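Each remark here refers to the structure printed beneath this line.
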Amino acid sequence: MPTPPDTQLRRCALGLWFCAISALGLLQFHARGFEDGHFAPTAVAWIWLGGSVVLAGLGLALLVRALRR
């Protein structure tokens with residue numbers, strides 16, 4: 001069976017996925033940070049933000065690596 005062609009979207013898929021998950025985490029940070037109508041984030045909100053930053057960094061690193069090929 002022939003292998004599918006190596007497209008740019010195929011190479012960047014994992015990086016895009018991590019960036020999308022990071023964006024969802026940022027939405028969760030916003031939702032948890034503004035629960036009472038004003039900005040008062042809890043520890044859970046800060047964990048969401050930290051996880052989102054880590055995933056965004058990983059996703060961007062994977063995207064840069066895939067685009068350099």
Side-chain angles (χ1 to χ4, degrees):
M1 186 185 300
T3 61
D6 189 29
T7 63
Q8 188 171 5
L9 180 61
R10 184 177 284 257
R11 286 191 312 265
C12 294
L14 188 59
L16 291 172
W17 185 77
F18 278 126
C19 288
I21 296 298
S22 172
L24 291 175
L26 289 174
L27 286 173
Q28 280 294 322
F29 170 72
H30 185 269
R32 302 280 185 227
F34 286 97
E35 280 182 337
D36 297 330
H38 63 282
F39 186 65
T42 62
V44 173
W46 289 114
I47 291 171
W48 275 107
L49 179 64
S52 295
V53 169
V54 169
L55 284 176
L58 181 61
L60 291 174
L62 288 171
L63 282 174
V64 167
R65 190 180 99 189
L67 292 175
R68 284 190 176 178
R69 286 187 185 177

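All values derive from a computational prediction rather than experimental measurement.
One distance of note links CH2 of Trp48 with OG of Ser22; it measures 11.0 Å at 0.5 Å rounding. Note that the CH2 atom of Trp17 and the CG atom of Leu63 stand 13.5 Å from one another [nearest 0.5 Å].
Phe29 and Phe39 have perpendicular rings, their planes meeting at more than 60° on a 0 to 90° scale where under 30° would count as parallel.
Of all heavy-atom pairs between Leu67 and Cys12, the closest is CD2-SG, 3.6 Å. Closest non-hydrogen pair, Arg10 versus Pro5, comes out as NE-O, 3.8 Å. Nearest heavy atom pair, residue Leu60 against residue Cys19, reads N-SG, 4.0 Å.
Hydrophobic clustering (side-chain heavy atoms under 4.5 Å, transitive across Ile, Leu, Val, Met, Phe, Trp, Tyr) groups Trp46 together with Phe34. There is a path of hydrophobic side-chain contacts, each under 4.5 Å, that joins Leu14 to Leu58. Hydrophobic clustering keeps Ile47 apart from Leu26 (ILVMFWY residues linked when any side-chain heavy atoms are closer than 4.5 Å, directly or through intermediates). The hydrophobic cluster containing Val53 does not contain Phe18, counting ILVMFWY residues as joined when their side-chain heavy atoms lie under 4.5 angstrom apart, directly or transitively.
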